[in-house]
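Have a look at the structure that comes next, please.
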Amino acid sequence: MDILVVGSVAFDSVETPFGQVDEVLGGSATYFSTSASFFTGLKLVAVVGEDFPEEPKEFLSQRGVDLDGLQTRPGQTFRWKGRYGFDLNEAHTLETHLNVFESFHPELPSHYRDAEYVFLANIDPELQLEVLKQIKRPKLVACDTMNFWIEGKKEALVRTLGHVDILLINESEVRQLAGEANLVKAARAILAMGPSSLVVKRGEYGVLVFREHSIFSAPAYPLEEVFDPTGAGDTFAGGFMGYLASTDNISESTIRKASVFGSVMASFTVEDFSLNRLRQISWPDIEERFRKFQALTEFEGLG
Ligand code: AMP
């Protein structure tokens, strides 16, 4: 099953303790699509400015991403500038320029409207809802967001969450959205807003998946070289949703395995800036790391 994704396509400028890059390819939808493309086909909804080059479009389309829903508009492409300190778990946003996204109202191509798997990547929640309303009968809707939108557009976000099955956000954003310091209580409060699963991204500590009757924990892979965490969340979501869509199954056990595939994909992204690492890997690398994850968490039962 293909996945329809709406989110940002961006130029990122990023500083980490290990180096810095200016205006490299980024954006929530870009990371998500590249990661999910190892599992399934994609349909992308986004906007770029006239300054956006051809090469990334060719790259995405070679990876099986349908770009009929990617518009080019007069103006500049979305830009984000961020910094990480030695605690790589938290991005400090220095600048956000929505640019062409400020006035973007997508009209989905007709062959996008039958999508069954939908990912609302990090972008204005009003835009997420606008896209969702144009899809006939989605089977699974997952959604990501960030502090920028929780602070600026909480009401619209809560409205969007009413239509979402799986929400994926950072630990600090869970507390911020719920207005509750205890993570378990905060997760319960968010599940009451609509989603039946909440995936809490905890950076180098992995993810926790909260559902009504269960909690599942998947680690992050302990890497010796972590270069740039930008895009780790979107890449996780790409592996997670990609696996679910490829099996067309949303049972508890598939969701657990999908969390491990998400963690596998994110573990590659953080090894280099931008999409550099994702551009190098192939399926055997993914399988090899999946096995390492399995070994990392295997232990005997009580017997
Ligand atoms: P993450 O996976 O959370 O590290 O997401 C990083 C990506 O999110 C970067 O490539 C940015 O271009 C993008 N981004 C940052 N801020 C925003 C925002 N307010 N809306 C949409 N995308 C954003």
Side-chain angles (χ1 to χ4, degrees), residues 5-16 20-36 44-49 52 56 60 76-84 87-102 104 119-128 131 142-154 156-157 160 167-174 176 199-204 207 220 226-241 262-263 265-278:
V5 53
V6 55
S8 56
V9 173
F11 289 128
D12 291 344
S13 298
V14 182
E15 267 177 62
T16 80
Q20 106 177 53
V21 282
D22 280 318
E23 309 242 314
V24 293
L25 179 63
S28 56
T30 320
Y31 279 106
F32 177 86
S33 305
T34 306
S35 172
L44 178 75
V45 180
V47 62
V48 291
F52 198 74
L60 288 170
Q76 296 239 299
T77 299
F78 181 102
R79 275 168 172 75
W80 179 75
K81 194 170 190 171
R83 181 188 293 144
Y84 298 83
D87 177 4
L88 292 169
N89 291 326
E90 187 134 23
H92 303 282
T93 294
L94 303 175
E95 292 173 27
T96 303
H97 302 283
L98 296 176
N99 297 335
V100 285
F101 266 103
E102 248 166 302
F104 179 51
F119 188 64
L120 308 172
N122 180 24
I123 197 65
D124 187 335
E126 286 182 31
L127 181 55
Q128 292 177 322
V131 167
C143 172
D144 188 0
T145 191
M146 71 184 288
N147 49 11
F148 185 85
W149 303 113
I150 299 173
E151 279 151 31
K153 296 239 175 154
K154 184 161 175 189
L157 177 62
T160 302
L167 176 67
L168 303 96
I169 48 178
N170 293 341
E171 184 171 355
S172 59
E173 290 154 359
V174 171
Q176 186 186 13
V199 180
V200 183
K201 299 178 284 184
R202 304 173 67 232
E204 65 183 310
V207 297
V226 176
F227 212 70
D228 172 18
T230 307
D234 310 308
T235 308
F236 173 93
F240 178 85
M241 278 293 279
S263 306
M265 298 310 292
S267 77
F268 288 114
T269 286
V270 302
E271 289 179 328
D272 203 341
F273 281 115
S274 185
L275 288 102
N276 298 348
R277 192 72 181 104
L278 284 186

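Counting convention: from 1, in listed order, for ligands and their atoms alike.
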For this session: Would you check if E204 and V226 make a side-chain contact, meaning some heavy-atom pair closer than 4.5 Å?
Result: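 Not touching, per the 4.5 Å side-chain cut-off.
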For this session: Consider only side-chain N and O atoms of T235 and S35, and report whether a donor and an acceptor are under 3.5 Å apart.
Result: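 S35 and T235 do not have a side-chain donor-acceptor pair below 3.5 Å.
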Exercise. Would F11 and F78 count as a close aromatic pair, with their ring centres under 6.0 Å?
Worked result: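 When the ring centroids of F11 and F78 are compared, they turn out to be at least 6.0 Å apart.
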Exercise. To the nearest 0.5 Å, what is the distance between CG (N170) and CD (E90)?
Worked result: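 The CG atom of N170 sits 8.0 Å away from the CD atom of E90.
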For this session: Rounded to the nearest 0.5 Å, what's the gap from OG on S33 to CG on L60? Could you check?
Result: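 One finds 6.0 Å between OG of S33 and CG of L60.
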For this session: Look only at the side chain of E95 and the backbone of W80, and say whether a donor-acceptor pair between them is shorter than 3.5 Å.
Result: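 Not at all, since once roles are kept as given, no pair shorter than 3.5 Å links the two residues.
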Problem set entry | Atoms of ligand 1 close to Y31 [distance to a heavy atom under 4.0 angstrom, numbered from 1] |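 Listed by number with element, the hits are 10 (O).
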For this session: Enumerate the atoms of ligand 1 whose separation from the nearest heavy atom of G233 is less than 4.0 angstrom.
Result: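 So the answer, numbered in order with elements, is 2 (O).
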For this session: Check ligand 1 against G27 and write out every atom of the ligand that is under 4.0 Å from a heavy-atom position of the residue.
Result: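 Ligand 1 atoms under the 4.0 Å threshold to G27: 9 (C), 10 (O), 12 (O).
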Problem set entry | Set of side-chain hydrogen bond (donor to acceptor under 3.5 Å, both in side chains) partners for S8, sequence neighbours left out |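 Expected list: S28.
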Exercise. Does at least one non-hydrogen atom of W149 fall below 4.0 angstrom from an atom of ligand 1?
Worked result: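 Yes, W149 has heavy atoms under 4.0 Å from ligand 1.
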Exercise. Based purely on interatomic distance, does D12 place a nitrogen or oxygen under 3.5 Å from a nitrogen or oxygen of ligand 1?
Worked result: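 Yes, there is a polar N/O contact under 3.5 Å.
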Exercise. Do any N/O atoms on A10 end up under 3.5 angstrom from N/O atoms on ligand 1?
Worked result: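 No; every N/O pair is 3.5 Å or more apart.
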Exercise. Sequence neighbours excluded, which residues qualify as ring pair (Phe, Tyr, Trp, His ring centres under 6.0 Å) partners of F273?
Worked result: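 Scan of F273 (ring pair (Phe, Tyr, Trp, His ring centres under 6.0 Å), adjacent residues dropped) gives F227.
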Exercise. Should you measure from each heavy atom of F148, which atoms of ligand 1 turn up under 4.0 Å away?
Worked result: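 Atoms satisfying the 4.0 Å criterion: 19 (N).
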For this session: May I ask which of R79, M146, K81 has a heavy atom nearer to atom 17 (C) of ligand 1 than the others do?
Result: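 When every heavy atom of R79, M146, K81 is considered, M146 comes closest to atom 17 (C) of ligand 1.
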Exercise. Between T16 (side chain) and Y84 (backbone), is there a donor-acceptor pair under 3.5 Å?
Worked result: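 Side chain of T16 to backbone of Y84, a donor-acceptor pair under 3.5 Å: no, none is there.
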Exercise. Hey, is the main chain of G49 close enough, under 3.5 Å, to the side chain of T77 for a donor-acceptor pair?
Worked result: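 Such a contact is found between T77 side chain and G49 backbone.
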For this session: Identify which of F236, F78, W80, F101 has a heavy atom lying nearest to atom 18 (C) of ligand 1.
Result: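 Selected option, by shortest heavy-atom distance: F78.
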For this session: Output, in order, the C-alpha distance, side-chain angles, deciding distance and verdict of side chain to side chain contact (heavy atoms under 4.5 Å, CB included) for F148 and N122.
Result: CA-CA 10 Å; F148 185 85; N122 180 24; over 6 Å; no
For this session: Say whether T230, considering both its backbone and side-chain N or O atoms, lies within less than 3.5 Å of an N or O atom on ligand 1.
Result: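 No, T230 has no N/O under 3.5 Å of an N/O on ligand 1.
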For this session: Please determine if D234 has a nitrogen or oxygen closer than 3.5 Å to a nitrogen or oxygen of ligand 1.
Result: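 There is such a contact, yes.
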Exercise. Short list, please: which atoms of ligand 1 are under 4.0 Å from a heavy atom of S8?
Worked result: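 What qualifies from ligand 1 is 13 (C), 21 (C), 22 (N), 23 (C).
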Exercise. Considering distance alone, does some N or O of G231 sit under 3.5 Å from an N or O of ligand 1?
Worked result: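 For ligand 1, there is an N or O atom that lies under 3.5 Å from one belonging to G231.
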For this session: Could you tell me which atoms of ligand 1, counted from 1 in the order shown, lie closer than 4.0 angstrom to a heavy atom of G26?
Result: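 Going through ligand 1 atom by atom, the ones under 4.0 Å from G26 are 10 (O).
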Exercise. Are any of the heavy atoms in F11 under 4.0 Å away from ligand 1?
Worked result: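 It does not, in that no heavy atom of F11 comes within the 4.0 Å cut-off of ligand 1.
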For this session: Examine the proximity of ligand 1 to A232 and report which part, side chain or backbone, both or neither, has a heavy atom under 4.0 Å away.
Result: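 It is the backbone that gets close, since no side chain atom is under 4.0 Å.
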Exercise. Looking only at protein heavy atoms, which one is nearest to atom 21 (C) of ligand 1, and how far off is it?
Worked result: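 It is N122 O, 3.0 Å.
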